[in-house]
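Below you'll find the structure, written out as C-alpha cells, and then a few comments.
In this chain, residues are counted from 1 in sequence order.
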Amino acid sequence: MWYRFDQDTREIVCAALVTRLLLVAYCILCSELLPDHVADAQFFAPHLFGPQDDFASETTHSTNHYTSDSIDEGSASEDRWQARILRPFTRWDAAHFLRIADEGYGLDEPSHAFFPTWPHLIRAVCTRLFGANGNFGFVREESLVLTAVVLSNVFFIGAALGLLHLSRRVLGSRRAAVRSTLLFCCNPAGVFMTTAYTENLFACATFWGLYFSAVAGRQVVPMRRRCGAMVSVAAWIASLVLLGIASATRSNGMVACVYTLWPLVTWFARYLSARSHRGSPVSDPSTGTTSTTWDAIIVVSTCIVTNAPRFLYDQYCYRKFCVRAVGDTNDAPEWCDEPVQRHTGSSSFRNLLSFRPSLYLHVQSAYWNVGFFTYWRWRQLPNILLALPIVTIAAFAAVKHFRHFWKRCMAHHKEFEETEPTAFDFVRAALTVVGSPSEWNDPRSRSPGVLPHAALPYCAVWILLTASTWCIINAQVVTRLVLASCPAVYWIMDHMWQNNRTTRRFVGTFVVVYNIVGPLLHCNFLPWT
C-alpha cells in the first residue's frame with residue numbers, strides 16, 4: 001500500500017473520530033436545549049434552519065438574503081427531525097458557504113468575501129450523492145448541510161494525519177509529533193472544525209502541502225540517482241497542488257510561499273557569514289549549487305501557485321461588477337476606481353494582467369471593518385479578549401526563541417573574539433546562527449521548548465500572522481485562523497503542556513473552556529466567530 005497505518009496513525013485517527021463525534025453530539029445538544037438567538041446575519045434556508053421562536057416577525061429588520069417573505073406567513077421554521085439535527089451547523093459563515101453552494105454568488109457584494117472552492121465542492125459532492133433535489137429523506141437544503149458537515153470532518157481527519165507527518169519530519173521526535181497532533185484533535189477552535197466552515201479543508205491542504213514541500217526540499221540528490229530525483233519532483237508537484245487548493249480556499253493560503261523561502265534564507269546567511277568571517281564553522285556556501293537551484297525553483301513555483309487563485313478571483317469579480325456594467329442601466333460600484341468605459345471586456349493578455357481594484361478587499365473593509373486597528377473599539381473589547389489566549393501563546397514562543405537567539409549570538413562571538421561585540425559583530429554572529437542548524441540546535445544551550453532549526457520558518461510565520469491579524473482583522477477570528485493554518489502553535493502548546501504546572505493549566509483551561517463555551521454560543525447564533 002502507498003500509505004502505512006502504523007500505531008501512531010491509528011491512535012490519531014481514533015482520537016480525531018472520537019473528538020468529532022463528541023463535538024457533533026454536543027453541538028446538537030446545545031441547539032436543542034437553548035433557544036436560538038435571532039442575529040442580524042445571514043440565514044441559510046430559514047424555513048428549515050431559522051430560529052424556532054417568532055422567526056417570521058423578528059427578521060424583518062435583518063439584512064439577511066432570506067427575509068420573512070420567503071417563509072409561510074406567521075410560521076416558524078419547519079419541524080423536521082433532519083433540520084433540527086443539522087440546524088447548529090448552519091450558523092454565521094456556514095450560512096454564506098451553504099447559500100453559495102445552493103444558489104451561486106448572485107450580485108450581493110458581501111458573499112464575494114468567501115472563496116468558491118469550498119461551496120463548489122459541497123455542491124458537486126451533494127449533487128453526486130443526493131441528486132439535484134435531495135434523496136434518502138433529505139430535501140435539497142438538508143442534503144447540502146449534511147454533505148458539508150461530513151466533508152468537513154473527513155478533512156479534519158486528513159488534516160490531523162498531515163500534521164502528524166509534518167511534525168515527525170520537522171521535529172524529529174515521534175512522541176512530540178503524536179502529542180502535538182492530539183492537541184490538534186481537541187484544539188480550542190473545535191466548533192469551527194465541526195461545522196460547515198473552510199477550516200478543515202484549508203488545514204488538510206496546508207499541512208499536507210507543507211509536508212510534501214519539506215520532502216521535496218530535503219530529498220535533493222544528484223540527478224543521476226533517478227529514484228531520489230523522482231521523489232523530489234513528485235513531492236514538489238503534490239505540494240503545489242495542495243497549497244494551490246489551500247490558497248483557493250482561504251486568502252491567507254498565500255503565506256505558504258514564505259515557508260519555502262527558508263532554505264534560501266539560510267543559504268544567503270551562510271554566504272554572508274562566510275564572506276565576513278572566515279573563521280566561521282559554517283560550511284562553504286559555494287557547495288550545493290544543485291540544491292540551491294532546486295530550492296529557488298520551489299520558491300518561485302510556490303509563490304506563483306499560491307498567489308494565482310486570489311489574482312484570478314479578483315479578475316472574475318472585476319469583470320462581473322465593473323466591466324459588465326458597460327451599457328447597463330446600473331452604474332458600476334464605487335470600488336471600481338477607474339471609469340468602466342475604459343475596459344471593453346477584452347480578454348487580451350495585456351488586459352488580464354493589468355491591475356484591478358479588489359472586491360475582496362473592499363468587502364473586508366466596508367462590511368467587516370478590516371483595517372489597522374479599525375476594529376479596536378470599546379464595544380468590541382469582549383471579542384478582542386477572545387483572542388488573548390492564542391496571542392499569549394504566540395508571545396510566549398516569541399520571547400523564548402528570541403532569548404535563545406540572543407544567547408547563541410553572544411556565545412558564538414565569545415568563541416572567536418575576546419573584545420566587546422560591536423553591531424557588526426552581532427550581525428555576523430546572527431548570520432552564522434541563522435545559517436547553521438548546528439549552531440541553533442547546540443544541545444549545550446538549547447533550552448526546552450525552543451523549536452529546532454528546521455521549525456523556525458513555521459514559528460516565524462505563526463508569530464507574525466498572529467500579530468498582524470490581531471491588529472488588522474476582526475480580532476476574535478485570530479484563534480481559528482491560527483489553529484487552522486500554523487502547525488507551530490501545536491508544537492509550542494505541547495511544550496507548555498510538558499513544561500510545568502502553570503503552563504499546563506493554562507493550555508488545559510484554554511482547550512476545555514473554548515470547547516465548552518464555543519459550541520454553546522456558536523450553535524445558537526450568539527457571537528463566537
Side-chain angles (χ1 to χ4, degrees), residues 159 162-163 165-167 169-171 177 180 183-184 187 189 198-199 202-218 239-240 242-247 249-269 295 298-307 309-310 387 390-402 404-405 434-435 437 440 449-473 477-495:
L163 179 61
H165 288 275
L166 177 64
S167 301
R169 175 164 288 273
V170 174
L171 300 180
S180 301
L183 281 170
F184 171 77
N187 78 75
T198 59
E199 268 66 16
F202 181 80
C204 183
T206 299
F207 293 162
W208 278 109
L210 294 176
Y211 167 73
F212 284 115
S213 179
V215 171
R218 298 188 187 182
S239 71
L240 291 181
L242 290 166
L243 294 177
I245 292 174
S247 184
T249 303
R250 295 176 65 95
S251 61
N252 59 304
M254 294 186 296
V255 303
C257 63
V258 179
Y259 296 107
T260 61
L261 285 171
W262 184 241
L264 293 182
V265 170
T266 57
W267 176 87
F268 190 62
D295 289 336
I298 292 177
V299 170
V300 173
S301 59
T302 304
C303 289
I304 292 174
V305 169
T306 54
N307 283 273
R310 165 69 185 280
I390 200 70
V391 173
T392 302
I393 296 174
F396 173 85
V399 171
K400 199 170 191 64
H401 284 76
F402 181 78
H404 177 72
F405 174 72
V434 170
W440 179 272
V450 175
L451 297 178
H453 186 268
L456 290 185
Y458 302 91
C459 190
V461 169
W462 161 42
I463 293 171
L464 293 176
L465 185 65
T466 302
S468 60
T469 53
W470 198 42
C471 298
I472 295 174
I473 69 173
V477 309
V478 175
T479 300
R480 61 183 173 95
L481 185 148
V482 167
L483 291 172
S485 59
C486 300
V489 64
Y490 300 103
W491 303 336
I492 294 297
M493 287 175 66
D494 171 55
H495 160 69

Residue list, side-chain contact (heavy atoms from CB on, under 4.5 Å) with Leu481, at least two apart or on another chain: Arg250, Asn252, Leu465, Thr469, Ile473, Ser485

Value rounded to 0.5 Å, distance of OH in Tyr458 from OG in Ser167: 9.5 Å

Closest non-hydrogen atom pair, Met493 against Leu183: C-CD1, 3.7 Å

Geometric class of the Tyr211/Trp208 ring pair [parallel <30°, tilted 30-60°, perpendicular >60°]: perpendicular

Validation row: Val482, Trp470 side chains within 4.5 angstrom (heavy atoms): no

Check: Gly209 main-chain N/O paired with Ser213 side-chain donor or acceptor under 3.5 Å: no

Leu451 side chain reached by Ile492 side chain, heavy atoms, under 4.5 Å: yes

Approximate separation, where rounding is to 0.5 Å, of Asn307 CG and Thr302 OG1: 10.5 Å

Side-chain heavy atoms of Phe207 within contact of Phe184, under 4.5 Å: yes

Heavy-atom closest contact (Pro487 atom, Leu166 atom, distance): CG-CD2, 3.8 Å

Shortest non-hydrogen separation from Leu243 to Thr206 and the atoms involved: CD2-O, 4.1 Å

Stepwise side chain to side chain contact (heavy atoms under 4.5 Å, CB included) check, Ile390 with Val489: CA-CA 9 Å; Ile390 200 70; Val489 64; 3.7 Å; yes

Chi angles and distances behind the side chain to side chain contact (heavy atoms under 4.5 Å, CB included) call for Trp262, His453: CA-CA 10 Å; Trp262 184 241; His453 186 268; 3.6 Å; yes

Where Val305 and Leu240 come nearest, the two heavy atoms and their spacing: CG1-O, 3.3 Å

Non-hydrogen atoms of Cys303 and Cys257 that approach each other most closely: SG-CB, 3.2 Å

Min side-chain heavy-atom separation Glu199-Leu483 under 4.5 Å: no

Geometric class of the Phe396/His495 ring pair [parallel <30°, tilted 30-60°, perpendicular >60°]: parallel

Interatomic spacing from OG1 in Thr306 to OH in Tyr259 - rounded to 0.5 Å: 11.5 Å

With sequence neighbours excluded, residues passing side chain to side chain donor-acceptor pair (under 3.5 Å) with Thr260: none

Separation between SG of Cys486 and CD1 of Ile393, rounded to the nearest 0.5 Å: 12.0 Å

Any Leu171 side-chain heavy atom under 4.5 Å of Pro452 side chain: yes

Thr249 side chain vs Ile245 backbone, donor-acceptor pair below 3.5 Å: yes

Distance-minimising heavy-atom pair for Thr479 and Ala387: OG1-CA, 3.9 Å

